[in-house]
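Lettering follows sequence order; numbering is per chain, from 1.
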There are 2 protein chains.
Amino acid sequence: MPHTYEHPRPALTVDAVVFGFDPAAAGGLRLLLIRRGQAPFKGGWALPGGFVRIGETLDEAVRRELSEEAGVDEAWLEQFHAFGALKRDPRERVVSVAYFALVRPGEVRGGTDADDARWFTEPEVAAAKLAFDHAEIVARARESLRERVRRRPAGFELLPEKFTLTEMQRLYEAVLGRTLDKRNFRKKALSFGLLIPLDERRRHGAHRPAQLFRFDRRKYAQLAKRGIDFEV
Amino acid sequence: MPHTYEHPRPALTVDAVVFGFDPAAAGGLRLLLIRRGQAPFKGGWALPGGFVRIGETLDEAVRRELSEEAGVDEAWLEQFHAFGALKRDPRERVVSVAYFALVRPGEVRGGTDADDARWFTEPEVAAAKLAFDHAEIVARARESLRERVRRRPAGFELLPEKFTLTEMQRLYEAVLGRTLDKRNFRKKALSFGLLIPLDERRRHGAHRPAQLFRFDRRKYAQLAKRGIDFEV
DNA sequence: TCAAAAGTGTTCTTGATACACCCATGC
DNA sequence: GCATGGGTGTATCAAGAACACTTTTGA
């Protein structure tokens with residue numbers, strides 16, 4: 001079949017729900033949103049994303065958009081759903097393939113505290129009235145992330161290279177939306193044998209300093225290959 | 001932004017991996033494939049699917065294609081992944097949103113034993129050398145179905161309205177790819193309280209006749225709303 | 001010496017697994 | 001009466017949930 005335009009075609013975009021986690025600031029996951037420069041929804045907040053070019057894969061398109069629009073060059077990406085409602089973009093018919101992205105907030109290039117790209121807490125997101133159907137996309141991304149995290153240790157893409165077990169627990173609590181028992185969590189977290197204790201401790205304030213760990217990527221890759229389950 | 005063609009756009013299709021299960025014929029799930037009438041891959045076997053029209057959602061597009069190409073008017077559909085590799089279609093750039101579909105083989109309109117649409121067993125699929133990247137799509141669909149079935153009782157879309165516990169067990173064994181213990185399976189299957197025993201029994205051959213059940217959709221909808229887990 | 005976060009074990013309950021025999025039927 | 005698939009119960013083990021106090025530090 002030749003490349004014809006006998007029928008008009010839906011346009012194809014990608015959108016990214018960028019999650020970040022700051023272990024210092026309590027209070028859950030944060031979301032990276034960008035301010036729209038044009039109508040529709042001019043001045044409103046939206047997910048980074050844009051049209052898929054003819055010479056790039058979906059993954060490449062998201063990475064490019066994340067870099068261009070949000071200053072994010074390193075991210076763990078996972079596609080979770082395609083959104084195809086008829087009127088989701090008032091201008092024309094657009095189908096969007098949505099990804100969630102996990103980034104360490106520190107790794108975002110400048111501009112993210114600027115006027116056109118900013119981290120939002122969950123209540124801020126709720127108050128922000130996102131453009132298009134982006135609120136729905138975010139809701140679904142949260143759900144996918146939750147399911148994802150129950151099956152494999154995904155959260156390490158959100159934690160700094162060195163982290164404490166308390167930080168890790170806070171992250172899991174934020175993703176799962178409920179508190180976890182400290183002792184049970186530590187037992188389980190260590191039981192996988194994927195956390196390497198470091199010779200360092202983190203001290204901040206007048207407390208007992210916490211043991212630092214890093215994630216054993218090598219060992220995880222081996223286990224994942226054999227299809228191990230990581231229910232948390 | 002007006003409807004411009006300043007950049008060429010990837011085309012958008014949907015494809016469906018149609019699973020069927022015949023409780024009588026032992027031997028796992030079957031897949032509905034259609035024979036291609038044109039190049040490329042003319043005469044080869046492929047998934048039902050096609051271009052998304054400008055005035056229909058993704059779900060509507062799959063349903064239309066399933067009806068037109070495969071004679072399937074009733075199916076449980078679930079979107080599982082979008083495939084966007086550059087050369088997946090040799091003619092032009094095509095991104096495809098893939099669904100898996102669960103149907104009762106009996107509910108397929110004629111023509112499915114005809115020349116251009118047929119049920120394939122798993123080994124037949126493996127031998128058939130599917131068109132495009134459809135083998136990859138099928139592999140991923142199997143995986144998604146397996147994960148899906150572990151979380152909620154999805155299989156009832158594959159079983160006849162009235163079924164025996166042995167049939168249900170066969171289905172789960174086919175989906176999960178391993179044998180299950182009969183007593184443990186029955187215990188668990190009944191423990192959810194979603195199976196309604198009927199006053200009928202099925203007799204076939206010189207055996208004790210089996211109790212028939214039907215699925216309690218109403219009750220399931222209530223439980224699902226409250227977010228109950230259905231790990232099998 | 002006090003405040004604040006880090007760290008640690010045990011009991012109980014629940015669900016998963018393993019396993020072997022009798023039952024009802026048609027031929 | 002026998003072959004065939006239908007149907008049932010219990011004991012063991014592993015994992016999850018609940019739960020409270022001591023330790024280390026800096027101020």
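Taking both residues in full, the closest heavy atoms of A/Ala75 and A/Arg63 are given as O-NH1, 3.4 Å, listed atom of the first, atom of the second, then distance. Contact between A/Trp76 and A/Arg148 at its shortest, heavy atoms only, is CZ2-NH2, 3.4 Å.
With rounding to whole Å, A/Phe192 atom CZ is found 11 Å from D/dA15 atom C1'. What separates NZ of B/Lys188 from C1' of C/dT14 is a distance of 11 Å, to the nearest Å.
Ring centroids of B/Phe192 and B/Tyr220 are separated by 6.0 Å or more, keeping the two rings apart. Here B/Tyr99 and B/Phe80 keep their ring centres 6.0 angstrom or further from each other.
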Derivation and outcome, side chain to side chain contact (heavy atoms under 4.5 Å, CB included), residues A/Phe213 and A/Thr164: CA-CA 6 Å; A/Phe213 293 86; A/Thr164 69; 5.9 Å; no
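A/Arg118 forms a cation-pi arrangement with A/Phe120, by the criterion of a distance under 6.0 Å to the ring centre and an angle within 45° of the ring axis.
Not a single donor-acceptor pair under 3.5 Å links the side chain of A/His134 to the backbone N or O of A/Ala46.
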Hey, what are the protein-to-nucleotides 6-13 of chain C N/O distances that come in under 3.5 Å?
residue	atom	partner	partner atom	Å
C/dA6	OP1	A/Thr166	OG1	3.1
C/dA6	OP2	A/Thr166	OG1	3.2
C/dG7	OP1	A/Gln211	N	2.8
C/dG7	OP2	A/Arg186	NH2	2.5
C/dG7	O5'	A/Arg186	NH2	3.2
C/dG7	N7	A/Lys182	NZ	2.7
C/dG7	O6	A/Lys182	NZ	3.1
C/dT10	O4	A/Lys187	NZ	3.1

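Comparing the start and finish of the helix from C/dT1-D/dA27 to C/dC27-D/dG1, five pairs each, the helix axis swings through 10°, to the nearest 10 degrees.
Distance check, rounded to the nearest 0.5 Å: CG of B/Leu29 to OG1 of B/Thr121 gives 11.0 Å.
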